[in-house]
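First up is the structure itself, then whatever we jot down about it.
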Amino acid sequence: MTMDKRYNVEETEKKWAKKWVENKTYEFVETKKNYVIDSPPPYPYVSLHAGNFFNFAYQDFVARYKRLRGFSVLHPWGWDCHGLPAEIFIEKKYGKTAEKIGIEAFKELCEKHILENIENIRENQAQVIGMSVDWSKQYATMTDDYKTRVQKSFLEMVKKKYVYRKEAPVSWCVSCHTAIAEAQTDKIERETNFYHINLPLKNKKGSITIATTRPELMPSCVAVFVNPKDERYKEFIGEIVKIPFFGQEVKIIADEKADPEFGTGAVYHCTFGDKTDWEWVVKHKLPIIKSIEENGKLNENTKFLKDLTVIQARKKIVEKLEKEGLLFETKKTNQTINSCERCKTPLEILIKKQWFFATTKLVKEIAEASDKMKWHPSFAKQRLLDWNNNVAWDWVISRQRYWATPFPVWYCEKCDETIFANEKELPINPSKKIKKCKCGKNALPETDVMDTWMDSSISAHHVSQWLSKERKNRLSDLRSQGEEITKTWLFYTIARCLAYKKKLPFTDVLINGMVQGTDGKKMAKRSTNMILPEELFKKYSVDAYRQWVGKSMPGEAWPINPSEMEYSQKFLTKIWNTSRFIEQHLKNGKPKLDNFADKWIMNTYHALISKVTKHMDSFEWGLSLESLRNFLWHEFADYYLEMIKYRIYNNTKNSDESKKVLKTILSGTLRMLSPFTPFITEEIWNNLYNEESIHHQKWPKTEDSDEKILKQGDDLKTFISALRTWKTNNKLGLGKELSNVVIYASKKNVEHFTDDLKGTMRIKELTIEEKTAGTRINEKFGFSVHKV
RNA sequence: GGGCUCGUAGUCUAGUGGUUAUGACGCCGCCCUUACAAGGCGGAGAUCGGCGGUUCAAUUCCGCCCGAGCCCACCA
């Protein structure tokens with residue numbers, strides 16, 4: 001087959017994306033040398049975003065590289081189906097909620113939508129970018145086998161006491177009606193009123209002025225705190241305050257955490273304003289007075305505020321305080337509050353019975369595990385450790401929602417006994433099965449469901465099922481993910497696998513940075529810097545997009561760069577044309593290296609293999625791709641091809657050897673490029689070598705390169721460059737013949753390449769003189785053109 | 001406020017304790033040389049963020065400062 005004059009990008013990329021799937025090119029066949037990738041299962045209810053594609057390219061670089069290095073690569077694909085974001089999406093799209101149409105009907109709707117969308121995303125997005133995935137190893141977290149695995153691990157961890165249920169403060173979204181994990185909270189900054197309120201002392205005259213943004217929590221006040229070093233309040237410590245309207249008598253307590261600089265320096269402590277409040281409850285053994293209910297309204301403890309929302313209650317109590325003359329001052333202040341990541345409603349802290357995963361118990365183990373892993377880049381580890389060391393509360397794993405994996409649990413309506421499902425019953429929806437307690441009474445199903453991260457944090461365990469035997473110390477080899485989910489997916493996975501299996505989930509962690517817009521800011525859906533990857537595939541090509549990703553380094557923020565993609569696109573043309581040239585001069589066999597140019601380029605090529613191999617092994621994409629491109633374009637094409645044309649066109653001495661060199665180097669370079677640009681390399685391979693897929697070939701072997709020859713090659717290039725400059729300055733075409741040229745150099749430095757220089761620069765007669773004269777090039781060399 | 005990363009021609013970027021600091025885009029000039037004008041060749045363009053320190057020698061190592069990005073904490 002003769003290669004077309006132009007590379008038809010669109011057609012070729014479409015063709016191979018389809019063929020690879022049809023031919024099962026990336027099928028996993030287990031051998032002794034397996035490489036397992038724990039890849040991030042994307043959300044299948046919406047289209048993939050720029051961050052997904054960036055990460056996909058990262059995984060795929062590794063998968064393809066390891067395959068060439070002789071590993072059987074298990075590169076599966078998962079879909080992370082459950083969760084609140086999915087519910088919100090479905091509610092909006094179909095205008096139906098679980099409350100309106102019933103939980104089961106709503107779940108069916110979710111499942112139907114997701115099934116349809118999975119097909120769509122796989123064909124139109126995932127396969128388009130050429131993921132080298134074994135599509136028979138596809139999993140979805142909503143299927144029975146996955147849910148079984150999640151429930152089984154839950155039961156196991158209950159046994160091992162890593163999972164427990166207790167009353168504890170949780171961040172609660174009154175709008176989504178669910179507890180929210182720390183990781184799923186958002187900060188919003190807003191201006192609010194800072195109320196300075198006088199609280200009268202019980203046993204003394206006078207009052208203490210506290211500052212609060214939450215006056216409506218006054219019915220829940222159980223203490224007042226001041227800093228022990230605060231001179232203003234020294235005499236108040238130990239005094240009793242009588243709370244207006246509600247009548248509690250609370251103590252004034254000294255605690256370091258009360259900041260003298262903030263507000264009035266005196267804080268009234270309520271159930272619950274913030275995290276410090278919980279610490280104080282525990283430390284000072286304070287009572288709890290609930291005042292806010294799940295729906296966000298105040299309860300009977302709040303007397304005249306009952307049934308009001310937080311906002312309404314605040315207004316009412318402020319009015320009352322003003323009337324009674326207890327409101328000392330109202331100031332504006334800027335405040336950052338925790339809000340629900342999805343609906344932005346400010347979160348309340350409530351006391352609830354929830355299921356918890358004991359992440360705080362695992363802090364040490366997680367740190368030790370992270371020491372056993374190789375981190376790319378190394379600073380990514382610090383991010384995880386920072387988070388690990390700062391986790392204050394255990395992970396709340398229950399959600400008061402619907403579309404998620406159910407807890408396989410019932411509670412006795414009488415004796416409060418917890419009843420767990422048998423392993424054989426899994427997966428189970430407790431609402432669909434009646435259980436009896438051993439006391440004979442009925443048991444009620446748990447209606448809470450699991451946090452979605454409970455599903456995805458055992459992905460490493462799930463993918464390990466495709467190995468005939470689970471490995472001893474680790475479940476998979478590589479985790480490739482974005483830095484933004486360090487504190488969730490990465491942290492939870494390590495914690496879960498340690499708690500459940502006492503195994504490392506993986507040994508290598510590859511972190512990709514954030515995709516930025518052309519403005520250097522994080523690319524966000526709602527921001528104007530948003531560019532869809534699909535637009536880039538269309539405007540440039542997938543291979544160009546993948547090169548843009550390939551130019552990045554692990555952990556680095558990476559801005560969309562159109563000029564980089566244009567360059568990448570041109571590089572594809574360069575590969576294509578270089579290959580077309582070689583196609584005309586194909587010659588098989590191992591070259592015999594008599595000619596200097598041949599020796600030089602082969603040595604350069606060997607140095608390249610070593611360099612690229614080293615970089616690929618440490619996932620340094622940018623350096624690998626850079627070296628490959630520079631070699632192919634600026635050494636191989638710009639110099640070597642020009643150096644040998646005179647021989648292969650005239651069929652002179654050694655021309656066949658050069659042709660063998662051409663084929664050898666192109667073949668190896670294509671293979672090394674194939675992880676980055678799988679489409680064009682496959683197409684050329686198919687045209688030129690007509691063998692099996694390039695993606696089933698072997699990575700080129702590293703061989704020693706001779707430093708001396710590389711240096712001599714530089715000298716030859718120096719002469720070529722100098723003569724090119726001379727021709728340009730004298731307005732001569734580069735093809736113009738020069739009849740007589742003298743070069744000044746010591747003979748031993750140049751004699752090995754004079755034939756190459758003559759041929760490349762079309763010099764008829766070339767003489768060497770030891771004495772430096774004529775146009776000086778550098779310390780060693782000079783030249784003069786005597787006759788054109 | 002804390003942590004991490006980064007700062008190299010107009011723009012993006014490689015790299016290094018020691019010759020003339022890499023490559024690309026853009027700009028200028030020459031050339032349709034039988035792979036390629038989506039190209040080739042050549043040229044101009046950088047006090048390597050600033051200030052100190054270590055050193056015979058710093059763009060490179062250290063400290064401080066300034067600027068950018070991301071993450072965390074910003075509370076009553």
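Any value given below was found using the heavy atoms of this structure, including those in side chains, with hydrogens, waters and symmetry copies removed. Every chain is numbered from 1, with letters handed out A, B, ... down the list of sequences. Given the structure is predicted, the values throughout are model-derived calculations rather than measurements.
The shortest distance between the side-chain N/O atoms of A:Lys645 and the OP1/OP2 oxygens of B:A35 is below 4.0 Å. The phosphate of B:C75 has neither OP1 nor OP2 within less than 4.0 Å of any side-chain N or O from A:Tyr268. For the OP1/OP2 pair of B:G40 and a distance below 4.0 Å, the side-chain nitrogens and oxygens of A:Lys574 include at least one atom meeting the criterion. For the OP1/OP2 pair of B:U11 and a distance below 4.0 Å, the side-chain nitrogens and oxygens of A:Ser563 include no atom meeting the criterion. The phosphate of B:G40 has OP1 or OP2 within less than 4.0 Å of a side-chain N or O from A:Trp633. Checking the phosphate oxygens (OP1, OP2) of B:A35, no side-chain nitrogen or oxygen of A:Thr578 falls inside 4.0 Å.
Stacking between A:Phe581 and B:C36 is absent: the ring centroid is not both under 5.5 Å from the six-membered base ring centre and under 30° in plane angle.
Per the geometry, CG belonging to A:Leu623 stands 17 Å off P belonging to B:U22, to the nearest Å. The distance between atom CG of A:Leu641 and atom C1' of B:A35, rounded to the nearest whole Å, is 8 Å. If you measure from atom NZ of A:Lys487 to atom C1' of B:C70, you get 12 Å, rounded to the nearest angstrom. Going from atom CZ of A:Arg762 over to atom P of B:U34 covers 9 Å, rounded to whole Å. Straight-line distance from the CG atom of A:Leu384 to the P atom of B:C71: 16 Å, rounded to whole Å. Atom-to-atom, CD of A:Glu583 to C1' of B:A35 comes out at 10 Å; the value is rounded to the nearest Å. Note: NE2 (A:His634) to P (B:A14) measures 16 Å, nearest angstrom. Atom-to-atom, CD of A:Gln547 to C1' of B:A24 comes out at 13 Å; the value is rounded to the nearest Å.
For the C1' atoms, the distance from B:U34 to B:G40 is 15 Å, rounded to whole Å. Distance noted for atom C1' between B:G10 and B:G52: 31 Å (whole Å). Atom name C1', nucleotides B:G26 and B:G45: the rounded distance is 11 Å, in whole Å. B:A68 and B:G49 have their C1' atoms separated by 11 Å, with the value rounded to a whole Å. For the C1' atom pair drawn from B:G67 and B:C51, the interatomic distance equals 15 Å after rounding to whole Å. Of the P atoms belonging to B:A14 and B:A9, the separation is 12 Å, rounded to the nearest Å. Rounded to whole Å, the P atom of B:G53 lies 34 Å from the corresponding atom of B:G23. When the C1' atom is compared between B:A73 and B:U16, the two are found 38 Å apart, to the nearest whole Å.
In this structure, of B:C36, B:C4, B:C41, it is B:C41 that holds the atom nearest to the side chain of A:Arg724. With B:C4, B:A35, B:G69 as the candidates, the nucleotide lying closest to the side chain of A:Gln382 is B:C4. In this structure, the nucleotide among B:G42, B:G40, B:A76 sitting nearest to the side chain of A:Tyr639 is B:G42. Distances were taken from every side-chain heavy atom of A:Ala557 (C-beta onward) to each of B:G69, B:C41, B:A35; the shortest belongs to B:G69. Out of B:A76, B:C41, B:G39, the shortest distance to the side chain of A:Asp638 is found at B:C41. Candidate nucleotides B:A35, B:C12, B:G3 were compared by shortest atom distance to the side chain of A:Ala637, and B:A35 ranks first. For A:Asn577, the side-chain atoms get nearest to B:A35 when compared with the rest of B:A14, B:C70, B:A35. The side chain of A:Arg580 has B:C36 as its nearest neighbour among B:C70, B:G15, B:C36. The side chain of A:Phe379 lies closest to B:C4 when the candidates are B:C4, B:G15, B:A38. With distances taken from any side-chain atom of A:Thr725 to the nucleotides B:G42, B:C70, B:G23, the minimum falls on B:G42.
Judged by the 6.0 Å distance and 45° axis criteria, A:Lys758 is not positioned over the aromatic ring of A:Tyr646.
Between A:Thr212 and A:Lys551, the residue anchored closer to the 5' end of RNA chain B is A:Lys551, taking for each the nucleotide with the nearest heavy atom. Nearest-nucleotide assignment on RNA chain B puts the 5′-proximal partner with A:Gly555, out of A:Gly555 and A:Met514.
Summarising the base pairing, B:G67 is matched to B:C6 through a Watson-Crick or G-U wobble pair whose two defining distances lie under 3.5 Å. Figure legend. B:G29 is base-paired to B:C41; pairs are counted as Watson-Crick or G-U wobble with both atom distances under 3.5 Å.
No contact: A:Thr486 has no heavy atom under 4.0 Å from any strand. Using a 4.0 Å heavy-atom criterion, one finds that A:Gln516 contacts the sugar-phosphate atoms exclusively. The residue A:Glu566 sits apart from the nucleic acid: no heavy atom pair falls under 4.0 Å. Backbone-only engagement by A:Glu483 is indicated by non-hydrogen atom pairs under 4.0 Å involving sugar-phosphate atoms exclusively.
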Check the pair A:Phe491, A:Trp489 against ring pair (Phe, Tyr, Trp, His ring centres under 6.0 Å), reporting the backbone distance first and the verdict last.
-> CA-CA 6 Å; A:Phe491 177 70; A:Trp489 195 39; over 10 Å; no
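Taking the six-membered ring for Trp and the full ring otherwise, A:Phe571 and A:Tyr567 have centroids separated by 6.0 Å or more. Note: A:Phe719 and A:Phe781 meet the aromatic proximity criterion, with ring centroids under 6.0 Å apart.
Relative orientation of the A:Trp548 and A:Tyr545 rings is tilted, given thresholds of 30° and 60° on the angle between their planes. Between A:Phe236 and A:Tyr233, the angle of the ring planes goes over 60°, which puts this pair in the perpendicular group of the 30/60° scheme.
A distance-only check finds no donor-acceptor pair linking the side chain of A:Trp375 to the backbone of A:Ile511 [under 3.5 Å]. The main-chain N or O of A:Asn512 is never found under 3.5 Å from a side-chain atom of A:Trp558 such that the two would form a donor-acceptor pair. Judged by distance alone, the side chain of A:Asp386 and the main-chain N or O of A:Arg383 form no donor-acceptor pair under 3.5 Å.
In the interface, the side chain of A:Thr573 is paired with the base of B:A38 through a donor and an acceptor atom under 3.5 Å apart. In terms of polar N and O atoms assigned as donor or acceptor, the side chain of A:Arg6 comes within less than 3.5 Å of the base of B:A38 in a complementary pairing. For B:C71, its base never sits under 3.5 Å from the side chain of A:Arg383 at any donor and acceptor pair.
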